[in-house]
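Written below as structure tokens is the structure these notes are about.
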Protein chains: 2
Amino acid sequence: MPRDLRLSRMLHVLIHLDRHVERATSDQIAGMISTNPVVVRRMMAGLRKKEILISEKGHGGGWQLARPLNAISLRDVYQAIGSPPLFNIGSGADPTDCLVEKAVDARLDLAMQEAERKLLKQFSEISVEDLAHDFEQRFAALQGDADEASANAAFKHFRTDG
Amino acid sequence: MPRDLRLSRMLHVLIHLDRHVERATSDQIAGMISTNPVVVRRMMAGLRKKEILISEKGHGGGWQLARPLNAISLRDVYQAIGSPPLFNIGSGADPTDCLVEKAVDARLDLAMQEAERKLLKQFSEISVEDLAHDFEQRFAALQGDADEASANAAFKHFRTDG
DNA sequence: AGACATGAAACTTTCATTGTTGCGTGATCG
DNA sequence: CGATCACGCAACAATGAAAGTTTCATGTCT
Ligand code: FES
Ligand code: FES
């Protein structure tokens, strides 16, 4: 089951760009998420258009957040990567002349659209900052040590500082 | 976006087996849904195991309902075809050592599982009979003629009677 | 000028679903 | 019985979209 990984990957990258480094190149990001720089650019181009990210060329260039994580919802990210189909099941597009088939498909699509609407509403209510913050809280709690230094240390697993 | 068409197709077939013919061969069904008989058997094998359908070999053999449509929910059908992944987006299975990535993926999966749970609950509350009945009602209304003969006529578009 | 980094287009790879072929088994008909 | 019909099952080929890759152009900093 090969799912669309862009949303998951983008969220990781966005948090990285807020918590670890203020700017990173496509190559660095590609190494981070085990893919390649062109895929990174393709994926992040949509976020640039929506003014979630800024990219700069040349020396010291790379990618950088255009606004704080609490101003970026999961829905924003989802739409920025092109609103890929959320569902794997649905009706086929080969129209026959059977009215029953059309009716069944229409009804099924309705249910899926309803589910999609609800899921996107949830997404609109969760900011990327929420994700990052929740993790830090939970991690600190697990450590039995509530100070933030410990939580932040968890981020230092991957050397990306220049 | 090539979705999984099995659920949609199976629903169509089930209604057909209740409203049009009491029994149909894989070849006939394949012609009906524009695919081929082996695909039909593969798809319907799961329904046989769940005792939704019965198949018989030899002359006059073929597929037949094992219980009435009102005793078959969308959820039953979905599970019978193997519970294929409902969603197209999700987290990848390539585990790195970044805790943030793991946390983001876990959170995303949680949201998806919640949505899946809700959708399956809806599915469990809709029977295949509901789908067929709703269609007949709606079709009759559209015809400006509320008698069932008119609605039933809509089913006769495809000659499958033997 | 040279090195760095993104932008964009074209091409290849990957992989799950679907489609296909072939053979075996059981059931009905004559 | 033998022939035909129809499913059961396994193995293989085709399809198509996402991911990966290559290549060249453009812009930026030293
Ligand atoms: S957040 Fe995972 S590498 Fe920085
Ligand atoms: S219901 Fe569509 S062909 Fe019978």
Side-chain angles (χ1 to χ4, degrees), chain A residues 1-10 13 17 21-49 53-64 66 81-94 160 162, chain B residues 1-10 13 17 21-49 53-64 66 81-94 160 162:
Chain A
M1 47 177 176
R3 293 173 168 138
D4 192 316
L5 306 178
R6 284 175 290 176
L7 179 56
S8 159
R9 282 174 165 175
M10 267 316 311
V13 171
L17 286 176
V21 295
E22 75 290 352
R23 188 178 287 186
T25 69
S26 300
D27 280 272
Q28 291 172 327
I29 294 171
M32 193 180 101
I33 60 178
S34 301
T35 181
N36 102 17
V38 180
V39 174
V40 170
R41 292 194 192 105
R42 194 150 57 198
M43 180 172 68
M44 296 175 83
L47 297 243
R48 188 185 50 236
K49 284 172 194 158
L53 289 174
I54 293 171
S55 67
E56 287 183 78
K57 297 180 176 179
H59 268 275
W63 298 88
Q64 173 177 357
I81 59 176
S83 302
L86 278 177
F87 295 102
N88 191 39
I89 72 175
S91 58
D94 55 314
T160 43
Chain B
M1 47 176 175
R3 293 174 168 136
D4 193 316
L5 306 178
R6 284 174 291 176
L7 179 57
S8 160
R9 282 174 164 174
M10 269 315 312
V13 171
L17 286 176
V21 296
E22 75 289 353
R23 190 178 286 185
T25 68
S26 301
D27 281 271
Q28 291 170 327
I29 294 171
M32 193 182 101
I33 60 178
S34 302
T35 181
N36 95 25
V38 181
V39 175
V40 170
R41 294 195 191 101
R42 195 150 57 197
M43 180 172 67
M44 296 175 82
L47 297 243
R48 188 186 49 237
K49 283 172 193 158
L53 289 173
I54 294 171
S55 67
E56 287 183 77
K57 297 181 177 179
H59 270 276
W63 298 89
Q64 173 178 357
I81 60 176
S83 301
L86 279 176
F87 295 102
N88 191 39
I89 70 174
S91 58
D94 54 314
T160 42

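- Residue B/M43 contributes atom CE, which lies 14 Å from atom P of C/dT20 at whole-angstrom precision.
- Between the A/R6 side chain and the A/M43 main chain, no donor and acceptor come within less than 3.5 Å of each other.
- Contact detail for B/A30 and B/P37: the closest heavy-atom pair is CB-N, 3.4 Å.
- Listed by first then second residue, pairs satisfying salt bridge (Lys or Arg N to Asp or Glu O under 4.0 Å) with a partner in residues 29-47 of chain A number zero, not counting sequence neighbours.
- The interatomic distance linking A/I29 (CD1) with C/dT6 (C1') rounds to 12 Å, in whole Å.
- Atom CZ in A/R48 sits roughly 8 Å away from atom C1' in C/dT6 (whole-Å rounding).
- Between A/I81 and A/R9, every side-chain heavy-atom pair lies at or beyond the 4.5 Å cut-off.
- The nearest whole Å value for the distance from the CG atom in A/N88 to the P atom in C/dC15 is 17 Å.
- Following rounding to the nearest Å, B/L47 (CG) and D/dC7 (C1') show an atom-to-atom distance of 15 Å.
- Contact annotation: B/S26 side-chain N/O to D/dC7 OP1/OP2 distance is under 4.0 Å.
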Reading nucleotides 21-30 of chain D from the 5' end, what letters show protein touch, with B for base, S for backbone sugar-phosphate only, - for no heavy atom under 4.0 Å?
BB---BBBB-
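- When the P atom of C/dC4 is taken as reference, atom CG of A/D27 falls 11 Å away, rounded to whole Å.
- Every residue two or more places apart in sequence or in another chain that forms a side-chain contact (heavy atoms from CB on, under 4.5 Å) with B/A24 is listed here: B/L17, B/V21, B/Q28, B/I29.
- Contact annotation: B/S55 does not reach the phosphate of D/dA6 (side-chain N/O to OP1 or OP2, under 4.0 Å).
- Going from atom CD of A/Q64 over to atom P of C/dT6 covers 12 Å, rounded to whole Å.
- Put simply, CD1 on A/I89 is 13 Å from P on C/dT17, counting in whole angstrom units.
- One distance of note links CG of A/L86 with CG of B/L86; it measures 11.5 Å at 0.5 Å rounding.
- Between A/M44 and A/S55, every side-chain heavy-atom pair lies at or beyond the 4.5 Å cut-off.
- Relative to the side chain of B/D4, the nucleotides D/dC9, C/dT18, C/dG7 differ in distance, and C/dT18 lies closest.
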